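Working notes for the structure below.
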Amino acid sequence: MSSFELLIILPIILGFLGYLISFLRNEFYFLGAILNFYYAIRIFLISRKIEVTRKIFNILNFSVDKLSGFVLLFISLFTLLILIYSIRYLKYYEKKKEYFYYFLLIGAIGCGTVLAGDILTLIIFWGILLSLISLIFGFFQYATKEGGEFAFVKSISILGFSDFLLILGLGLLFISYGNLSFNLKLPLNNTINILSFILITIGCFAKAGAIPLHSWIPEISKVAPAPTMAFIPASLDKLLGIYLLLRISYYLFDLNTNFVLKNYLMIIGSITILAAVLMALIQKEVMKLLSYHTVSQVGYMVLGIGTGIPIGIAGGLFHMLNNAIYKSCLFLTAGQVEFWTKETKIEKLGGLAPNMPITFTSFLISALAISGIPPLNGFFSKWMVYQGVIYLYKEGNYLFPLYLLSAMLGSILTLASFLKLTHSIFLGERPKEYEKIKEVNFSLWFPSALLAFLSLLFGILAIPLPIKGLIYPSLPFRIEEFGFWQPLLAFILIVLGVIVGFVIYLFGAVKKVERKDIFVGGELLKEEERHFSGDQFYSPIKEAPLLEKGYEFGEEGSFDFYNYLTAIFSGFSLLFKEVIDYILELIYHQIAYFSEIFGGLLRKIQSGILSDYLFVIFIGIIIILLILIL
Amino acid sequence: MNYLPLFTALPLLGAFLIPLLSKIWERLSDIISNVITTLLLILSVYSLFLLPIFGKVYVYEIGKWAIKPIPLGIVFTFDNLSLLMVLVINLLSFACSLYSITYLDNYTARWKFWTLFLLMVAGLNGVAITGDLFNLFVFIEISAISSYALVAFGVEKEDLEASFKYQIIGEIAGLTILLAIALIYAKTSTLNMADIANTFAKESKGPLFWFIISLLTFGFLIKSALFPFHFWLPDAHSQAPAPISAMLSGIFIKVVGVYALSRLIFNIFGLNRLNASHYFNLLLILGIFSIVIAGFIALKQENYKRLLAYSTISQVGYIFVGLGLANFWSITGALSLIFAHALGKGLLFLTAGPVEKEAGSLDIHLLSNFKKRMSFYGIVYTLGALSLAGIPPFLGFFPKIFLILGAIKGKRFEVAIILGIFSLLTLAYLLKITNKVFTKKEGEEVKGVSSIVISFLFLVFLIFILGLFYLNYLEPNLISKATEAVISGVEYARLVLIK
Amino acid sequence: MILDKNFINQYLLFTFLLPFLATLIYSFKDKLVRNWEFYLFLVLLIFSSYFIIFSNNLLLIYIFFEISTLVAWRLVLIKRENIKAGNYLLYFNFAGAVLMLIGILLILVENGVEKINFSAFNLENLYNISLISGILLSFGIFTKSAIIPFYSWLPVVYEVSPVPVIALLCGIAENLGLVIFYKIFIAPLLNVESSFYYFIIILAIFTSIIAGGIAYFEKKLKRILAYSTISQLSLILYGLALKNDYGILGALVLILSHALAKSGLFFRMEAKEAVGVGFGYTLLFLSLSLIGIPPFLGFVGKILIIIGSLKINIFLGMLTIISSLFTLLYTLKFYLILKKEKGENIIANFIVYLFAILLLIFGVIFLIYSFKIL
Amino acid sequence: MLPYLGCIILFLIGIYAILTKRNLIKIAIGFCLLEYSVNLFFAFIGYKKDALAPIYANLSQARNFVDPIPQALVLTAIVIGLGTTALLLSVALRIYEKYKTFDIKEIKRLKE
């Protein structure tokens, strides 16, 4: 057994043991995740040197190259970290036994998906992942929160829909070319290739959560616990979806051979960035807000990959990694807050920074990272994407200003919304009931703190560590050296600036915060009304003349693909039911009815009067005579 | 095979003995008639094995009046077609007489019933084996008169009415047949059927010929109750006592109507599709009309036996479609349908007896509210109904195959479809009774009565076992030979006269 | 075909045995069906399916086909008040069977069979099947396996029948039509007009889509499952009619998967929750298999059929996917309804559990083997 | 030819009676007329002009005999007719007992 099988099978077995044996249950899960991580590292290290392929059962074909090696590593890492988090977080969860098992399975199968070396293997693992996701989402129906069932149905509908299209696309390739491995660079110039490319991208979009297939993420965020959100939509599905998009765009196919498809990706990316972030801006719930950001960030990756410019692609890939890091960190920290407060409404929270310093720090770093504040990693990858977009002009693609604009605007609005979020949760007035809140345990804060640290690390040491070590080697391009950005230098400068600011704070005029009573209309504002949360920050935006309509639509679900999906299919259903079924029923009932009526009429022939009978009989003989003699 | 006259002589003997002996002990009539029908059954089964030894036809010259060189004497001819009919007659009359032992407890005049019953059997057997045209008429009348009397046996209002109407229409048929026989005699100066065939073969077929044919057809179509000559049948068959209904529906109309007609038109007049296609088309069209119209009427019937009576008309339509297509397969189908329908419809009519006795009525609506359960009769009825509707593995399935095959071979595709689709109608109206009368789960179970149960078991056994052995045994040994006898036409005359 | 005919026959019998055994065990705890009538028909049903699978004679096949119809009819009438539904079943199937008989006889005539005896109906004696006789013959299959325009009986029957009866219907009786289609049109490599297969393909895939659509629209649980059955059965027929290795193999796999999943779902309606058994998850297993998501068995069948249809053309592949999408949507819908159902029968829970696990295990095994042999 | 014409007239009268008369007895009479006409017709068939009755035992030369067979047949037919008529009339009388009428249009309990 090589590392490939062990990587996948060991978590499955250990998870199953944990599922069966109540004794040492958590240790089994933990061991499974650890072993998974261990083998992931091994495979990662192997993949640095050579490309390995392995066939199992003559059907599963695994292969690892530098790209899949590094994605594998991170999937495994996230599995481990979030498992540690959730073992504590979901300690009192009713069905945790199954939950952890499926969680571990998702991690293992996610690794398998990345390792898939040909089309069939990919289909199988991708599908198994869907089934596991639906199994784990099945738990939310038991959640006390409302809407669990709907969220389950919606997310599985969208994911299943896109997966079926993905299977169709892959099947089309399978039929046309046989069972392909992924390093072929097929030109996108014939119908089959283009069609299957589009179908597969739909699968990727739904998984990663790009508009218009994003709506399952905000929906599931209403009911899912924080670690699930951190794991599935925020890290695993991002990694897998974007990984696959990259795979098919530049390995299986060559996106650069089709100008239109590139723009298709970039348009989707830009719209995703802007629309999702605008929706995020006005959310009143932490998880939902974060989930809209999850969607929004996908836009950068899709945009980056869509550029076809090496630096842009690298940016997209790097952004995928960064996003997974800081977004899971955000979800986890939000979860830590929820762990004590049992609250996710923005207006009910506030002022928690002193109580939960580590959580706050982690959250702040990640929030800054997602907003693209230098020198954090988010900035760096976004910047690479911008560069890629700008380089488009060299190719004569004059739509690039629009893409650039939306990307930058998205970044700004992200910052804006995170200002609101940070303020609402950690700063501002603290409600009374939260005064006794303490920092969470080690096993809860450690994963998020580690992720925050990674954000920081990948930001400061961006070039030596992730870019040179992970991103560039993974891509099959020669990437030109770029710009003058030196993250370390910038960091030092920023730190210097902060120190200067601190000095000024110490010695300057700003000494002490002065508390004053608040008056409204001449009256003293009551103590309990004094709490001011951030959820109203951007109400003006919502009421802006142009955006107002858009928000209305958005709130009504007009941008929700699920509604269209169900509407279309319901329409067809109605048609089938009311037309075809109705007609058939009608025909069969009419036949029965007709034979009843016909029988009723015919039986009147038997009148009971002998003369009538004789008359008919004599007519009969006359007719017979006429027929036979004439 | 010189026991051939026994087929008529035995029942006639019984019919004369019974009035005398039943004065001594009334139950003696039961014994005599059952012994006679059993003997007849044994004889007919024995003939099944004996006939092949004598070749295709056995001719019995009554009183040793040789038919050669001049066919003056009266003969019985016994070929494979007669064999088939005799077998069917005696199978069903055996079952019915067995059944009647208990059934007759409802009636007072036991010996009268048995006398009439045996007379009818004698007449029917006579029709099947006679080789003389006038004898044919006589036997038809013997069986017909006894059937008129038997229909009126209950002497209720409806019974008498049905009997009267039946008599008038039936006798018109009889007279028409007599007129036709007179005309035939005028034309040929002979009454021996084989001789008539030879004479007609030499002559051209003028209007008189066709006039005779029309008269015969008219008469026999009335006897076999094909649409539009069926009016007497629903009344008569629904009002007769149950075993008589079974006999009338099961064999009477087939022997007196279908058998006699097909014997005359195929064997005596030598008609076939080549020289008389319009004649056969007439039969075909009337057959289809019968199937459809009687089927739809049966669907709306509210009386147990009346429904079955209409079903008989519809089934006769199938037989006539088979005759009308007039090829080997379709006639095989028609003849096997005679067999299957005799057993099946006989069974169904017989079930009416105990049901009427238990519930006091045959109105389906009343029966559906009847409180007791009759599972045994229900199962028997349903099996018979399934057989009649042509559902395998029962006997009734095979006629359907051959009829449809005949239609396909005759390039009458629409007929094949009609035959197939309207067997659905058969199923529908027959199961109407199963659904409304017998499908109950609660209530006290009705106990079966001994001889009735035995006759049911006998018929069900036959339906099932003959269905199983149809293609392997029954078809090659009996029915296809009978079909050959029909299809070979005036070959019959040669075979008879060569003796 | 890559598989041995004999093996396929045994496999088909195996697919029938599982629902049979499950129903048998189930009946011990159900007062309604625990009587001689039910057991008699149960045995008759498995007996007739045995003959249909292994017989090589058209007449025998037809006879046992009709017997299975009768059995189905009586099974529905186990509950006496179901007369209307039972008759609906019987009349539809009988009409189909009659047309099938005409088709069989027409084939006989076309192949120049002169003498009608038992061996005349042997499949080896046949060489040609024309379009018209093929279509007539397949009417019996259409009614039994509920293809447009003869599916109307199925929802009516399912709506009123007790659970073990439905399990037998969807697990055994309705598959018999497919088995016959396989035996006559696929396995013996007769000379059938190719337009016949196109006809079947079009009819089957549209039935699948339409029935899926109706299932999505329906409100009552049993009716949703009924239309789902129609959809799945026609998908299987479609797979067979594709007439390439992928399609046939997929259809064969889907027969087993559908039998297990659908009868499992019906048993789930009557199941009583036992301690320590994942009640909701077994249900989810069954649903996922029905949708066709790996690693469950339904996926193997579906993916093979999708590949098989893509081999013919892209458009058919699209239609197959649309059908699968409807399956996804209505399955999620009835999943939510079914989740709240709870019955009384403790054995049913065991059966559901068993079937769910079997779907998973068979899924993995079939996945490996089906692609290995292709 | 005239006797045959008489036959046909008798036959038609019989048909007329059966078809139009409402009284059971009249129908029975009409039926008898039909029967007589057919019998008469049968008897005429055997008749030959100036022929002898076929009862001579020894004849020296070929002579024209009347055909004896139709007469025998007619005798049988008359007997049968007797039987049917008797049965018909007795049933008619029983019907009168039960229905208190001879009108055939009143006797229609069996219909449809």
Side-chain angles (χ1 to χ4, degrees), chain A residues 56-60 95 98 102 109 120 123-131 134-135 138-139 141-142 149-150 152-154 156-157 160-161 163-165 167-168 171-172 174-176 179 191-192 195 199 565-566 569-578 580-581 583-585 587-589 592, chain C residues 88 91-92 148-153 155 206 209-218 227 246 278 280-281 283-285 287-289 291-296 299 302-303 306-307 309-311 314 317-318 320-322 324-326 328-333 335-336 339 367-372:
Chain A
I56 303 167
F57 297 136
N58 224 355
I59 159 173
L60 297 181
K95 307 236 173 190
E98 286 93 352
Y102 292 138
I109 297 299
L120 274 176
I123 291 177
I124 291 164
F125 274 97
W126 196 267
I128 295 175
L129 200 62
L130 174 65
S131 81
S134 56
L135 284 170
F139 291 97
Q141 300 158 39
Y142 301 97
E149 291 175 347
F150 179 66
F152 168 74
V153 168
K154 188 171 176 176
I156 300 305
S157 296
F161 167 81
D163 276 10
F164 276 122
L165 294 187
I167 286 177
L168 181 64
L172 208 56
F174 181 82
I175 294 305
S176 316
N179 200 1
T191 324
I192 286 175
L195 190 62
L199 289 169
L565 185 76
T566 49
F569 278 82
S570 301
F572 274 116
S573 301
L574 196 67
L575 181 76
F576 295 149
K577 172 77 186 162
E578 294 298 319
I580 294 169
D581 213 40
I583 288 174
L584 286 176
E585 291 271 317
I587 288 172
Y588 297 130
H589 282 117
Chain C
Y88 221 49
Y91 296 150
F92 263 88
I148 278 180
F150 295 118
Y151 67 71
S152 298
W153 63 273
F206 276 110
I209 292 173
I210 286 168
I214 298 172
Y216 185 50
F217 191 80
E218 279 290 345
Y227 280 107
Y246 288 99
Y281 307 109
L283 174 60
L284 201 54
F285 273 34
S287 309
L288 290 176
S289 177
I291 300 171
I293 294 176
F296 300 100
F299 164 76
K302 277 224 169 124
I303 185 78
I306 289 171
I307 291 173
S309 57
L310 280 172
K311 284 230 168 192
I314 300 172
M318 293 281 192
T320 321
I321 289 292
I322 290 173
S324 303
L325 289 179
F326 270 121
L328 172 81
L329 290 175
Y330 69 69
T331 305
L332 289 174
K333 191 174 162 185
Y335 169 78
L336 292 181
K339 201 164 60 70
L367 191 62
I368 292 164
Y369 276 94
S370 60
F371 281 99
K372 215 168 203 175

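To find a chain, count down the sequence lines: A is the first, B the second, and so on, and within it residues start at 1. What you are looking at is a predicted structure, and each value in this text was computed from that prediction instead of being measured. Side-chain atoms are counted along with the backbone in the values below, which use heavy atoms only and exclude waters and symmetry mates.
- Looking at I192(A), the atoms closer than 4.5 Å to chain C (heavy atoms on both sides) all sit in the side chain, from C-beta outward.
- Across every non-hydrogen atom of L584(A) and P149(C), the tightest pair is CD2-CB, 3.6 Å.
- Scanning both residues, P294(C) and I124(A), for their nearest heavy atoms gives CG-O, 3.3 Å.
- With a 4.5 angstrom heavy-atom cutoff, F569(A) touches chain C via backbone and side-chain atoms both.
- No more than 12 heavy atoms of other residues, nucleotides or ligands shown are found within 6.0 angstrom of CZ on F572(A).
- When heavy atoms are compared at a cutoff of 4.5 Å, I368(C) approaches chain A by way of both its backbone and its side chain.
- Minimum interatomic distance between F576(A) and G213(C) (heavy atoms only, all atoms of both residues): CD1-CA, 3.8 Å.
- Using a 4.5 Å cut-off between heavy atoms, F164(A) touches chain C through backbone and side chain atoms alike.
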**Message:** Run the side chain to side chain contact (heavy atoms under 4.5 Å, CB included) test on L310(C) and Y246(C) for me, step by step, so that the C-alpha distance in whole Å, both residues' side-chain angles and the decisive distance to 0.1 Å come before the verdict.
**Reply:** CA-CA 10 Å; L310(C) 280 172; Y246(C) 288 99; over 6 Å; no
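- Of the atoms belonging to T191(A), not a single heavy atom falls under 4.5 Å from chain C.
- In this structure, chain C has a heavy atom under 4.5 Å from the side chain of I167(A), while its backbone stays farther away.
- In terms of heavy-atom pairs under 4.5 Å with chain A, the best-connected choice from Y88(C), F299(C), Y151(C) is Y151(C).
- Both the backbone and the side chain of F150(C) come within contact range of chain A, each with at least one heavy atom under 4.5 Å from a heavy atom of that chain.
- With a 4.5 angstrom heavy-atom cutoff, Y91(C) does not touch chain A via any of its atoms.
- Using a 4.5 Å cut-off between heavy atoms, I303(C) touches chain A through its side chain atoms alone.
- If you measure heavy-atom distances from L328(C) to chain A, the contacts under 4.5 Å come from the side chain alone.
- In terms of heavy-atom pairs under 4.5 angstrom with chain C, the leader among L60(A), I587(A), I128(A), L574(A) is I128(A).
- Taking all atoms of both residues into account, the shortest heavy-atom contact from L195(A) to L172(A) is CD2-CD2, 3.8 Å.
- Between E218(C) and K577(A), the shortest heavy-atom contact is OE2-NZ, 2.6 Å.
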**Request:** Verify ring-ring contact (aromatic ring centres under 6.0 Å, His included) between Y330(C) and Y227(C), making sure each step is shown before the conclusion.
**Result:** CA-CA 10 Å; Y330(C) 69 69; Y227(C) 280 107; 9.6 Å; no
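- Both the backbone and the side chain of I123(A) have a heavy atom closer than 4.5 Å to some heavy atom of chain C.
- Only the side chain of Y102(A) has a heavy atom closer than 4.5 Å to any heavy atom of chain C.
- Remark: Y369(C) OH is loosely packed, at most 12 non-hydrogen atoms of other residues, nucleotides or ligands lying under 6.0 Å away.
- Residues L168(A) and M318(C) share a closest heavy-atom pair of CD2-SD, 3.5 Å.
- Using a 4.5 Å cut-off between heavy atoms, I307(C) touches chain A through backbone and side chain atoms alike.
- For a residue to count as touching a neighbouring chain, one of its non-hydrogen atoms must lie under 4.5 Å from one of that chain's; by this rule L120(A) touches chain C with the side chain only.
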